[in-house]
Protein chains: 2
Amino acid sequence: MTATGTERPLTPAGRRVLDTASRLFYERGINTVGMDLIADQAGVTKKTVYDRFGSKDALVAAYLAARDRRWRAWVGEYTAAAEGPRERALAVFDALEAWMEGLDPRGCAMVNACVELTDPDHPGLRVAHEQKRWTRELFLGLAAEAGAADPEETADALLVLHEGAVVAYNTAGVRTAVRTARRVAGDLLSR
Amino acid sequence: MTATGTERPLTPAGRRVLDTASRLFYERGINTVGMDLIADQAGVTKKTVYDRFGSKDALVAAYLAARDRRWRAWVGEYTAAAEGPRERALAVFDALEAWMEGLDPRGCAMVNACVELTDPDHPGLRVAHEQKRWTRELFLGLAAEAGAADPEETADALLVLHEGAVVAYNTAGVRTAVRTARRVAGDLLSR
DNA sequence: AAGTAACCACACCGGTCGGTATACTCGCAG
DNA sequence: CTGCGAGTATACCGACCGGTGTGGTTACTT
């Protein structure tokens, strides 16, 4: 309830809890981080955590939603700054590279959530899936705008490159994965 | 110790444990499956599990190693059956598509392990990373064989497409992701 | 002055986690 | 016939899991 729907400004303690939870969930994984640890690290009692967020599931969903919001804004800046349809599509990869530069070796939080949250009804899964749907729609619009022969097919390809770059970077240690993906995407949009 | 190193033929109960654990770890996630559940489902006491595998970490590593062995053999069949260097490279994507056809919506076990296992010293991580390293080497050899201008760069691109296809399929619901990845890979190898 | 939202401290709940200990039975090889 | 590996059954361990309840203290409204 509190998670994604309403945009209540969050109390100071609530903010601290969400920030702390975000860091811990991302760095150590959702399932391995307990509510006790989050409360402790946030300098807050567990009671306060449950007063603000209601349940761990809701807190997880809030974490994912906040991160999603940040990511969309981040990408928006890059695509807005780019000139021309082809460059706007490639700007998504620039955004990704800059985003990942921030020392994360832990991959995409949404993908991780899909792996960690086994229960198909978990509220966090909807956030994760929605973000991937959004990304595909973004690519679809950009592909069409760039005059791709088959925008749907091109959007799929761009999404594959996008997701693959993150995974290749994080699990196979391919440090140049994003740049490689961008190059292939560029070829794709040139034909 | 017992996990990856030696190839002890596994006792009947040990087999049952490993098979059960493999299914549960993959379907429900490593962290959410307890040793009690594995023992129960395998029709075995927890004592037996620990007698055979020593620890959960070792059992996890054994699960990943077994799955890795199966995957390599699977890919080997496809690449061996293909004619010509270009087709051999694309055969990896055919292998992937056929592999995933087996009703899994849970993605790559190695990638999942990288997400779930936070401890950098976990023995399962080495198995997972080694499999990705192997896959990249496979692509590197095939790219060179196919006469790619820059085999390293091409191998990276093929790996990105490979990993991205699985993720796009499982988290974004792009059902044709593997075929799309294969098509882009084909373009890549034609130039 | 009264009410209320936000927080604190702390104690507690049933259940599960990974892992161990003890003691016993079975089949098989020396 | 004896020893041993493989397996059974059961009970236990401390730690942690998500979550609740009680009671009290601020601080800002109305």
Side-chain angles (χ1 to χ4, degrees), chain A residues 1-3 6-22 24-25 27-64 113 116-119 121-125, chain B residues 1-3 6-22 24-25 27-64 113 116-119 121-125:
Chain A
M1 276 292 148
T2 317
T6 42
E7 294 270 344
R8 290 245 249 39
L10 271 190
T11 63
R15 255 257 78 83
R16 246 154 55 224
V17 168
L18 185 55
D19 291 345
T20 305
S22 296
L24 290 173
F25 283 152
E27 291 176 1
R28 307 197 202 173
I30 293 170
N31 289 324
T32 60
V33 169
M35 296 296 269
D36 299 82
L37 178 62
I38 293 170
D40 281 356
Q41 296 256 19
V44 150
T45 53
K46 230 170 28 155
K47 184 67 164 46
T48 301
V49 177
Y50 277 91
D51 281 348
R52 292 304 124 234
F53 296 94
S55 70
K56 183 179 182 180
D57 286 359
L59 179 57
V60 168
Y63 145 62
L64 293 171
E116 291 204 84
L117 309 177
T118 303
D119 175 12
D121 295 328
H122 195 293
L125 279 185
Chain B
M1 277 295 146
T2 317
T6 42
E7 294 270 346
R8 288 245 249 41
L10 271 191
T11 63
R15 254 259 77 83
R16 245 153 57 224
V17 169
L18 184 55
D19 290 346
T20 306
S22 296
L24 290 173
F25 283 152
E27 290 176 1
R28 307 197 202 174
I30 293 170
N31 288 324
T32 60
V33 169
M35 296 296 270
D36 299 83
L37 179 62
I38 292 170
D40 281 355
Q41 296 256 22
V44 149
T45 50
K46 229 165 36 148
K47 179 70 161 48
T48 302
V49 177
Y50 277 92
D51 281 348
R52 292 304 122 234
F53 295 94
S55 70
K56 184 179 181 179
D57 285 0
L59 179 56
V60 169
Y63 145 62
L64 293 171
E116 291 203 87
L117 308 178
T118 302
D119 175 12
D121 296 328
H122 196 293
L125 279 184

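Within every chain, numbering begins at 1; the chains are lettered A, B, ... in the order of the sequence lines, protein sequences first and strands thereafter. Both backbone and side-chain heavy atoms feed into the values below; hydrogens, waters and symmetry mates do not. Because the structure is predicted, anything quoted here is derived from the model rather than measured.
Distance check, rounded to the nearest 0.5 Å: CE of A:Met35 to CZ of A:Phe53 gives 9.0 Å. For the atom pair A:Asp51 CG and A:Thr45 OG1, the distance stands at 7.5 Å (nearest 0.5 Å). A distance of 5.0 Å separates CD in B:Glu116 from CD1 in B:Ile30, rounded to the nearest 0.5 Å. We find the CZ-CG distance between A:Phe25 and A:Leu64 to be 9.0 Å, quoted to the nearest 0.5 Å.
Contact record, A:Arg28 with B:Thr118: O-OG1, 2.7 Å, taken as the closest heavy-atom pair.
Looking at heavy-atom distances under 4.0 Å, A:Val33 makes contact with sugar-phosphate atoms alone, never a base.
B:Tyr50 places its OH atom 18 Å from the C1' atom of C:dT22, with the value rounded to the nearest Å. The CG atom of B:Asp51 sits 16 Å away from the P atom of C:dA23 (whole-angstrom rounding). Taking atom CE of B:Met35 as the reference point, atom P of C:dC17 lies 11 Å away to the nearest angstrom.
When each of A:Thr32 and A:Lys47 is assigned the nucleotide of DNA chain D with its nearest heavy atom, A:Thr32 is the one assigned upstream, toward the 5' end. The residue among A:Asp36 and A:Thr45 whose nearest nucleotide of DNA chain C lies closer to the 5′ end is A:Thr45. For B:Lys46 and B:Thr11, each mapped to the nucleotide of DNA chain D holding its nearest heavy atom, the one lying further toward the 5' end belongs to B:Thr11.
Contact between the side-chain N/O atoms of A:Arg52 and the OP1/OP2 oxygens of C:dC7 is found at a separation under 4.0 Å.
Taking every nucleotide of DNA chain D with any atom under 4.0 Å from a non-hydrogen atom of chain A, the first and last of them, 5' to 3', are D:dC17 to D:dT22.
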Legend entry - B:Leu59 vs B:Ile38, side chain to side chain contact (heavy atoms under 4.5 Å, CB included): CA-CA, chis, key distance, verdict: CA-CA 11 Å; B:Leu59 179 56; B:Ile38 292 170; 4.0 Å; yes
